[in-house]
K.L.:
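Shown below is the structure under consideration.
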2 protein chains.
Amino acid sequence: MCVPGDRPGRTTGGEALGSERRREREKEQRRSAILRAARKEFFEKGFRSVTVDTIARRAELSKGAIYLYFKSKEEIYAQILLRDIDKFHDRVETLLDTSKSASDNLRQYADVYAAFFLSDRELFRIFMNFMLQHNPVNFTPNINDHIVKSTNQTVIIIEQILQMGVNRGEFPPDLNIRVCRNALWGLLNGIIALHIFSGREETREERVRTQLREGLEVFIKGLRAV
Amino acid sequence: MCVPGDRPGRTTGGEALGSERRREREKEQRRSAILRAARKEFFEKGFRSVTVDTIARRAELSKGAIYLYFKSKEEIYAQILLRDIDKFHDRVETLLDTSKSASDNLRQYADVYAAFFLSDRELFRIFMNFMLQHNPVNFTPNINDHIVKSTNQTVIIIEQILQMGVNRGEFPPDLNIRVCRNALWGLLNGIIALHIFSGREETREERVRTQLREGLEVFIKGLRAV
DNA sequence: GAATGATGGTCATTAACTGACCGATGGTCA
DNA sequence: TGACCATCGGTCAGTTAATGACCATCATTC
């Protein structure tokens, strides 16, 4: 990296000392600090009403510095979502337990699903938006695909559980899995959405869980009786 | 801080955002990191054979950066010494326990003294050099004074203990405190020095302590019999 | 529909850091 | 003894990271 007017023999070569590792590390830490700060902001106020300035202030940086690490406000948001979605994906992926009944698996699924979204309401909004095919933030195609794929995966798990129930004779053999899957998924999201979008902020988790369980039991009973 | 050729209205004013606090904090951390690295180096190899480059490498910085925080190798050394000496000073200052006998106080003193220097041999070298009035490193007068004052303080504590013993009749009333103080101080340092300067690096603390205790008992017996 | 205010993004300027270089010093060998 | 060499404290031209005043844009108000 030399400028034309350099004095000869005074160029800055590639770093030989151990400081490059340190700088790499510190850069990564700054990046994380921004994401941490932004996450808090986004999940407190939602995408629109958060300003880059407040993120910067929370991360104890200037606005300009934010743009050294991310190329837009959208990108920050996307990065946070990707991280959270992957976390959720991991949780859900290891959920299927073949040693238990299909019904118990459905109950377990509902628990994990509710716990995750009740701890991150904003994340639930985004998921909903993606599922319903109208996203408010314009992500790059790559990111879009990733989110869509991950969200779809959660639905597929329900399908797998239902299939397991059919194979074992727990549910009737002529069960329309596709329809039931959508119905159950709608049930879960409906109850959660009801509370999250109700306007009142102080939704108690326990109450949502109880409702979910009750709804689920009705659903399972229905499944068996088809 | 404007340069003559500035575009008007594009000056950088005083910082209003919260990043100044962060920068202050990080600067302090860098400083500490350098001191930590330097301390390890100095106390492994001694002042002379440590290079500024190795300190820099250990602190994961460049040599130039070191000189942004300290103006010379000597200053780094002095800062470390001041910190350690103050620590020692604090330890010794709260040592005097008037509820115990003077003899026990002397034993306690010897223990603390030995523990401190056996954990930092290089520090002991420096103390010795100051006590014997020939210091190998040229500190600024301020630092010199501070070190001399602190080192003297440790000797005065011995004097106070002896005085306490005389007042209580534990030691003879005609005891020459100045002479005894120097003798005891010499005894302590002699035994420690013997081990630290012996060449063999693996001096075991326990052995030094035992010798110190034995020497001290002989000395105390002598004091009483004067 | 002009004025206003808020906000995402830019860029001239500054601060932090880097490492090749310099001069002094001490050791070595002809 | 003096030319040579290696080492090391300290310097500084150059690079990278960070700052915040500014700009363009868009929604809102009057």
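In what follows, chains are A, B, ... by sequence order, proteins preceding strands, each numbered from 1.
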K.L.:
Which atoms of nucleotides 25-27 of chain D (N or O only) lie under 3.5 Å from a protein N or O atom, and what are those distances?
P.N.:
none

K.L.:
Should A:Y69 be listed as having a side-chain N or O under 4.0 Å from OP1 or OP2 of D:dA17?
P.N.:
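No, no such contact exists.
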K.L.:
Side chain of B:K40, backbone of B:I55: donor and acceptor closer than 3.5 Å?
P.N.:
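Such a contact is absent between B:K40 side chain and B:I55 backbone.
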K.L.:
Angle class for the A:F124/A:F117 ring planes (parallel below 30°, perpendicular above 60°, tilted otherwise)?
P.N.:
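Rings of A:F124 and A:F117: perpendicular, as their planes differ by over 60°.
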K.L.:
Stems involving DNA chain C: give each as a range paired with a range, ordered by first number, where a stem means at least three consecutive Watson-Crick or G-U wobble pairs under 3.5 Å.
P.N.:
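As far as DNA chain C goes, consecutive pairing (with distances under 3.5 Å) yields the stems C:1-30 with D:1-30.
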K.L.:
Using atom CZ of A:R21 as one end and atom P of C:dT18 as the other, report the distance to the nearest whole Å.
P.N.:
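Nearest whole value for this atom pair: 14 Å.
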K.L.:
Could I get the full list of salt bridge (charged side-chain N to carboxylate O under 4.0 Å, His left out) partners for B:R36, not counting sequence neighbours?
P.N.:
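B:R36 satisfies salt bridge (charged side-chain N to carboxylate O under 4.0 Å, His left out) with no other residue.
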K.L.:
Has B:K45 got more than 12 heavy atoms of other residues, nucleotides or ligands less than 6.0 Å from its NZ?
P.N.:
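Correct, the count exceeds 12.
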K.L.:
Please state how far atom CZ in A:R57 lies from atom C1' in D:dA18, giving the value in whole angstrom units.
P.N.:
16 Å
K.L.:
How close or far is atom C1' of D:dT16 from atom CZ of B:R23, stated in whole angstroms?
P.N.:
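Atom CZ in B:R23 sits about 13 Å away from atom C1' in D:dT16.
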K.L.:
Please list, by residue number, the residues of residues 25-41 of chain B whose heavy atoms come closer than 4.0 Å to an atom of DNA chain C; answer none if no residue qualifies.
P.N.:
B:K27, B:R30
K.L.:
Once salt bridge (charged side-chain N to carboxylate O under 4.0 Å, His left out) is applied, do any residues pair with A:R39, and if so which ones, sequence neighbours excluded?
P.N.:
A:D84, A:D120
K.L.:
Under the side-chain contact (heavy atoms from CB on, under 4.5 Å) test against B:E20, which residue among B:E24, B:R22, B:R23 passes?
P.N.:
B:E24
K.L.:
Enumerate the protein-to-nucleotides 7-10 of chain D contacts in which both atoms are nitrogen or oxygen and the separation is below 3.5 Å.
P.N.:
| unit_1 | atom_1 | unit_2 | atom_2 | d |
| --- | --- | --- | --- | --- |
| D:dG9 | OP1 | B:V50 | O | 3.2 |
| D:dG9 | OP1 | B:K73 | NZ | 2.9 |
| D:dG9 | OP2 | B:V52 | N | 2.8 |
| D:dG9 | N7 | B:K63 | NZ | 3.1 |
| D:dG10 | OP2 | B:Y67 | OH | 2.7 |
| D:dG10 | OP2 | B:K73 | N | 2.9 |
| D:dG10 | N7 | B:K63 | NZ | 3.2 |
| D:dG10 | O6 | B:K63 | NZ | 2.6 |

K.L.:
Within the pair A:S62 and D:dA21, is there a side-chain N or O less than 4.0 Å away from OP1 or OP2?
P.N.:
no
K.L.:
Please enumerate all residues that pass salt bridge (charged side-chain N to carboxylate O under 4.0 Å, His left out) together with B:R213, with sequence neighbours excluded.
P.N.:
B:D111
K.L.:
What is the distance from CG of B:L61 to P of C:dG19, rounded to the nearest Å?
P.N.:
10 Å
K.L.:
Hey, is the main chain of A:K63 close enough, under 3.5 Å, to the side chain of A:D53 for a donor-acceptor pair?
P.N.:
no
K.L.:
Going by salt bridge (charged side-chain N to carboxylate O under 4.0 Å, His left out), name the residues that satisfy it together with B:R25, two or more places apart in sequence or in a different chain.
P.N.:
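Once residues adjacent in sequence are excluded, the partners of B:R25 under the salt bridge (charged side-chain N to carboxylate O under 4.0 Å, His left out) criterion are A:E60.
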K.L.:
Rounded to whole Å, how long is the line connecting atom CD of B:E24 with atom P of D:dT19?
P.N.:
13 Å
K.L.:
List for me each residue that meets side chain to side chain donor-acceptor pair (under 3.5 Å) alongside A:R58, sequence neighbours excluded, and say none if there are none.
P.N.:
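A:R58 satisfies side chain to side chain donor-acceptor pair (under 3.5 Å) with A:E41, A:E44 only.
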K.L.:
On the 0 to 90° scale, with breaks at 30° and 60°, tag the B:Y113-B:Y109 ring pair as parallel, tilted or perpendicular.
P.N.:
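Because their plane-to-plane angle is under 30°, the rings of B:Y113 and B:Y109 count as parallel.
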K.L.:
Output the rounded distance in Å from CD (B:E20) to C1' (D:dT19).
P.N.:
11 Å
K.L.:
Suppose we screen for side chain to side chain donor-acceptor pair (under 3.5 Å). Which residues come up paired with B:N176, at least two apart in sequence or across chains?
P.N.:
none
K.L.:
Can you name the residues that form a side chain to side chain donor-acceptor pair (under 3.5 Å) with B:E217, not counting sequence neighbours?
P.N.:
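Side chain to side chain donor-acceptor pair (under 3.5 Å) check on B:E217 returns B:R107.
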K.L.:
Relative to the 5' end of DNA chain C, which residue comes earlier, B:E60 or A:G64, by the nucleotide with the nearest heavy atom?
P.N.:
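Checking each residue's closest nucleotide, the 5'-ward one belongs to A:G64.
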K.L.:
Does anything in residues 19-43 of chain A form a ring pair (Phe, Tyr, Trp, His ring centres under 6.0 Å)? List the pairs, not counting sequence neighbours.
P.N.:
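Matches after skipping sequence neighbours: A:F42-A:F47, A:F42-A:Y77.
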K.L.:
OP1 or OP2 of D:dA17 less than 4.0 angstrom from a side-chain nitrogen or oxygen of B:R22, does that happen here?
P.N.:
no
K.L.:
Give A:F70 one of three labels, base, sugar-phosphate or nothing, depending on what nucleic acid heavy atoms sit under 4.0 Å from its own.
P.N.:
nothing
